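We name chains A, B, ... by the order of the sequence lines, and we start the count at 1 in each one. Not measured: the values here are computed from a predicted model.
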Amino acid sequence: MFEQFREIGRDLFVAGLITSHGGNMSVRLGDRIVITRRGAMLGRLRPEDLVETGLEADDAMVTLASTELVVHRAIYRATSALAIVHTHPLHATALSLVEDAIVPVDSEGSYLLHRVPVVAAAKTVGSLEVARILPPALRDHPIAVLRGHGAFAVGALLEEAYMVSTTLEASARILCILRSLGTDRIREYREGADRYDRW
Amino acid sequence: MKGWTGRLLRVDLSARRARAEEIPAGVLRDYLGGRGLGAHLLYASGRHRLDPLAAEAAFVVATGPLTGTRAPTASRTSCTALSPLTGTLFDANSGGLFGIRLKRAGYDALWVEGAADTPVVVVVDPDGVRFDPATELWGMGNRAVRAALRGRYGPKAAVLTVGPAGETGSRLANVAHGERFFGRGGLGAVLGAKRVKALVVRGDGPVGVADPQGFGFVVGECRKWLAAHPITSRGLPGFGTAVLMNVVNAVGALPARNFRQSRFGRAEAVSGEALREVTTGRKACPGCPIACGRRVSLDGREVQGPEFETLWSFGADLGLADLETVIRLNLLCNDLGLDTISAGATLAAARELWEEGALDFDPLEGGPAGVARLLEAMARAEGPGELLRHGSDHLARTVGRPGAAMTVKGMELPAYDPRGCQGQGLAYATSNRGGCHLRSYMVAPEILATPKRVDRFAWSGKAGLVIVQQNLNAAVDSLVLCRFTGFALSEGYYARLVRTATGWDLDGQELLTVGERIYTVERLANLDRGLGRDHDTLPRRLLDEPVPDGPSAGHTVRLDPMLDEYYRFRGWDEGGRPTARKLARLGLGGPEAADV
């Protein structure tokens, strides 16, 4: 399991999806969670950077767990997710500041995501408010963006959550490039795309 | 609410009468239809405690909220009853027109109880039910019965039939739905005990959806993925289910010689590639874009081709690595109404018992023709067939060698050796209908890398994946869609289909909760029947005897730690019983739902 965390953490950093000490990941093992340590460098994870604690109840290990433990727990309680990846993607976060949803126009993003909800909270780090408003957005979407903060992705495996995290940022970059070209209108090539914003 | 008719047709064979009843909307939301509705109806009635072949036992045929719509593969039908093979609550589903006709006749489900005094055909029309005599059909094979009924009731009638195996009460008897089958578990024996030779339904009423535009969009998105995924767009359409033979064999997870080996040296001869050489066409269930069925040439005519599991059971497991032989045996089993997995696997167990001197006849003596004679004898309860007709568990116990039965809860395991895919071992052990790959198909992530590859030899973390699959599959079986859609679609797609078809605001997570509720009701029924943790296990061979050679060499199944993790994850106690807290969360606290 550590190998998975280490490899995906490194790739997240190399891809620019997290800052040096930003982001976190977890997997659910029944009534337990294995989550990255608070302040861990995901690009340089060591075995001691993984912390195991309860899904429901606190134990002493919560002092070491990621600040976002409260959000991870809430997501696991509300969904069937077995893995969560939280990133700070630049372009998706930028779009979250001006949009209520990110609707990809590229092929990969259209197939995999259709539409990515954006939710907003006044307190954006380790907050109970986020723990309350974010999980509902993930009940029907594999990834959602917390305005101004970053993305939370879910999957049955870490690799799945990692995949949609990179897909979102690629789609967001394409949208930003289009806007830098002075347009967000495209020559439509997708069947049914007029309904993607309602997905 | 669209999607359902809200009506159940209750047929009492003993009294020869029928009446329609309302199904409460809450029940339909809580159990969807198909497998879930069947489980609920049997459990709520208390009849899940009966002998499966008792007259009072019930046989339920059910549709789902998508049946008859344009949703991909929405032409399937579900049957649920108590299994004479496993002693569990048992459902099976099959492609074909019966479910569509039943819904168009105005019913979500058909409940059949009692037993007729003479053989009957039960005919369901929108305006009533008839009990037509079937004495002259009794003893006929499925093919001849189907032809006779087509002549009697016309081409628009949809028909389920029982072959000789069902009539004689073989625990391996299936129910035929044209050339498709409600397999495993011996459901054919349940209808046979009721002296039902066939169920016929005619109906042509409309099936509508709540949001036609939105539904059409979601259907389009589903079809895009089915057309894009390599398994649903190339593998299954190109080779049929037999595409799996060489893939599974290559990783050393194809059981051979009654699971004494995990690789079969002659797999190529019964592979999808070999089958393609004699394939003359594809066959799709109505509304299915995948078309995994095969038509093949035999003796200058076009016949139905065998599925992967049949090629495995008679090919690798029994050792008849000759494609033409398996095609013939498949046709014979289908006509007799014998489940091909269990029939082939039972003969493989018999072969091992003969080799070890525990059985006084060799099932392979006489070659393919001798095997055909044995199958006929099994279906008709004659001669040596008497010993084999109830499956390998019954056979092995009868001769005092229970270890030769490669079964879980009495049902023969299918074509994947769990020593080469640990999660599939947990899936087999915890399957609430016995040795089955359809409750949770861990082969997908462990061998087919779908949705992503996981370490097939690791045991930690597998419980969660098995549970999510079990819950999702319970929901998909209750929508009565084909399991193959799950290679390409996730719960969000299924939920959107339901949402736009019914107008009910269901999301992907709620769909999974419905699936968990169904799985739990099935578990509760099995617990009431005395099936608990002791039965969540595997044959000793798979736990104690390492794979002798090949890519999975040296491995056994690490079941105990996976099982502990599984129970904790499910919210069950150490005995495998759902806790009161879990039941309350699923709305199952106190007396289960009121009788419908």
(Q) Only pairs of heavy atoms separated by less than 4.5 Å count here; which of A:Arg32, A:Arg28, A:Arg195 has the most with chain B? (A) A:Arg195

Q.
Under 4.5 Å from any heavy atom of chain A, what part of B:Arg453 do you find: side chain, backbone, both or neither?
A. backbone

(Q) Taking every non-hydrogen pair under 4.5 Å, which of B:Arg570, B:Arg568, B:Glu510, B:Lys224 racks up the most with chain A? (A) B:Lys224

Q. OG of A:Ser80 to CG of B:Leu472: how many Å apart, nearest 0.5 Å?
A. 8.5 Å

Q. Are the side chains of A:Trp199 and B:Glu221 in touch, meaning some heavy atoms are under 4.5 Å apart?
A. yes

Q | Euclidean distance, A:Asp31 CG relative to B:Glu565 CD, rounded to 0.5 Å | A | 9.5 Å

Q.
Is there a side-chain contact between A:Leu55 and B:Phe569 in this structure, where contact means two heavy atoms from C-beta onward sitting under 4.5 Å apart?
A. no

Q. Highest number of heavy-atom pairs under 4.5 Å with chain B: which of A:Leu138, A:Leu82, A:Val27?
A. A:Leu82

Q.
Please report the interatomic distance OH(B:Tyr493) to NE2(A:His114), rounded to the nearest 0.5 Å.
A. 4.0 Å

Q.
Please classify the contact of A:Leu157 with chain B as side chain, backbone, both or neither, using a heavy-atom distance under 4.5 Å.
A. side chain

Q) At a heavy-atom separation under 4.5 Å, does B:Leu465 approach chain A through its side chain, its backbone, both, or neither? A) both

Q) Run the side-chain contact (heavy atoms from CB on, under 4.5 Å) check on A:Asp140 and B:Glu491 step by step: do they pass? A) CA-CA 8 Å; A:Asp140 234 7; B:Glu491 64 270 16; over 6 Å; no

**Q.** Per-residue contact mode, A:Arg198 against chain B (heavy atom under 4.5 angstrom)
**A.** neither

**Q.** Separation of A:Arg139 CZ from B:Leu511 CG (nearest 0.5 Å)
**A.** 10.5 Å

Q | side-chain contact (heavy atoms from CB on, under 4.5 Å) assessment of A:Leu112 paired with B:Trp225 | A | CA-CA 10 Å; A:Leu112 289 176; B:Trp225 266 119; 3.8 Å; yes

